[in-house]
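For reference, the structure is listed below as structure tokens.
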Amino acid sequence: MSNLTATALSCANIAFIKYWGNRNNELRLPSNGSISMNLDGLFTRTTVSFQPSLPFDELIINGREVTGKGLSRVSYILDLVRETAGINLNAEVMSENNFPAGAGIASSAAAFSALALAASRAVGLTLTEAQLSRLARRGSGSASRSIPPGFVEWKMGTGDDDSIAESIAPPEHWNLVDCVAVVNAAHKKTGSTEGHAIAGTSPLQNARLEDTPRRLDICRSAILNKDFETFANIIELDSDIMHSVMMTSNPPLMYWQAATVGIFHAVREWRASGLPVGYTVDAGANVHVLCLGDHAREVEKRLREMPGVSNVLIAGVLAERRRSCNLSNCGSISFQRAGSAGFI
Ligand code: DP6
């Protein structure tokens, strides 16, 4: 066994067909399948070190110690790893991400996929991509999708063992770019975990779930055929349906700001006039505007001119052979790949 320490790097992803609601909250078994793309440039780097001298697990994120719920969620994944490896040591977990502060980019996918990789490697387990995806899912559903490379589908599965994500196309398949328009949110948002738990209170959730296999088929085919028009229409429909469920749940969740809606209108006008763009929004006010790579600069320029947009982040599909990252203090680092995530 190694010195019980390992470091891993993993990325965020953006869902085109969204995960919203669980059929089992503890196991994070989703109520529907989802499709996403891994994002280049939005990384978490995590070091896990199991140490005999530690009286309890410790979590440090971006240099600050985290206790309470955040720590419990991490310990839950460490417990699964300890159980599989048959060890009983506490761990220090140090995590850092390079997402600009206040950008409102969900970090749980990058965080829990990096944790699953680093913790399992630290204890000497060599897990398959499927096993890693499953372990990451137990920490955060969307993290299951940051393990395989490129364009990814997370299948509902029948249970804990087969609810895992798989690559449906490699990163080089299609040069899509995510231009994230950062909108200043005026009020604190409800996190995804709380949102999943109340999804079933919306009278629209069942209709959403019944129609999801159809939307998954359309989205998967649009990606495989590189059919941007169909892709843009289906991601906007899926995002709008999920937000309809959010807005009509109890309590209602209204993530959109005025600027969010302003961007929806602009994106549709731009598309109608020939610019290949489409929008999708997660559990927040920021708008992910997807476009073909050749148009990213133009889309960025237009978004920066929109009222209420404080920043625009640009992220392509994470290349499978990428060997460096932009973390502030790591310079150019090498890592071995394991799907989209990898070990440093
Ligand atoms: C709206 O994966 O963040 O971004 O499992 O509770 O961590 P937890 O939820 P999370 O939910 C993501 C919700 C979403 C849609 C998506 O990414 O599919």
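Keep in mind that what you see is a predicted model, and the values were worked out from it rather than measured. Note that ligands are numbered from 1 as they come in the structure, with each ligand's atoms numbered from 1 the same way.
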Please determine whether a side-chain nitrogen of the Lys or Arg among Glu305 and Arg302 lies less than 4.0 Å from a carboxylate oxygen of the Asp or Glu. no
Which pair of heavy atoms, one from Met156 and one from Gly33, lies closest together, and at what distance? CG-N, 3.3 Å
Looking at ligand 1, does any of its N/O atoms fall within less than 3.5 Å of an N/O of Gly141? yes
Any nitrogen or oxygen of Arg73, side chain or backbone, less than 3.5 Å from one on ligand 1? yes
Going by the 4.0 angstrom heavy-atom rule, the piece of Ala15 near ligand 1 is side chain
Enumerate the atoms of ligand 1 whose separation from the nearest heavy atom of [X] is less than 4.0 angstrom.
| X | answer |
| --- | --- |
| Met242 | 1 (C) |
| Ala283 | 1 (C) |
| Ser142 | 2 (O), 3 (O), 10 (P), 17 (O) |
| Ser140 | 2 (O), 3 (O), 5 (O), 7 (O), 8 (P), 10 (P) |
| Ser108 | 3 (O), 7 (O) |

Within the structure provided, determine whether Leu275 and Cys291 are in side-chain contact (heavy-atom separation under 4.5 Å). no
Phe16 vs Leu290 side-chain heavy atoms within contact, under 4.5 Å: yes
Specify whether Phe151 and Trp174 have parallel, tilted or perpendicular ring planes, treating 30° as the upper limit for parallel and 60° as the lower limit for perpendicular. tilted
Within 45° cone of Trp154 ring axis and under 6.0 Å: Arg137 NZ or CZ: no
By the definition side chain to side chain contact (heavy atoms under 4.5 Å, CB included), identify the one residue from Asp79, Leu29, Leu27 that meets it with Arg138. Leu27
Of [options], which has the heavy atom at the shortest distance from [atom]?
| atom | options | answer |
| --- | --- | --- |
| atom 6 (O) of ligand 1 | Thr193, Ile35, Asn25 | Thr193 |
| atom 17 (O) of ligand 1 | Arg145, Lys18, Arg137, Met246 | Arg145 |
| atom 13 (C) of ligand 1 | Trp154, Tyr19, Phe16 | Tyr19 |

side-chain hydrogen bond (donor to acceptor under 3.5 Å, both in side chains) with Tyr279: of Glu236, His288, Arg271, Arg268, only one passes, and it is Arg268
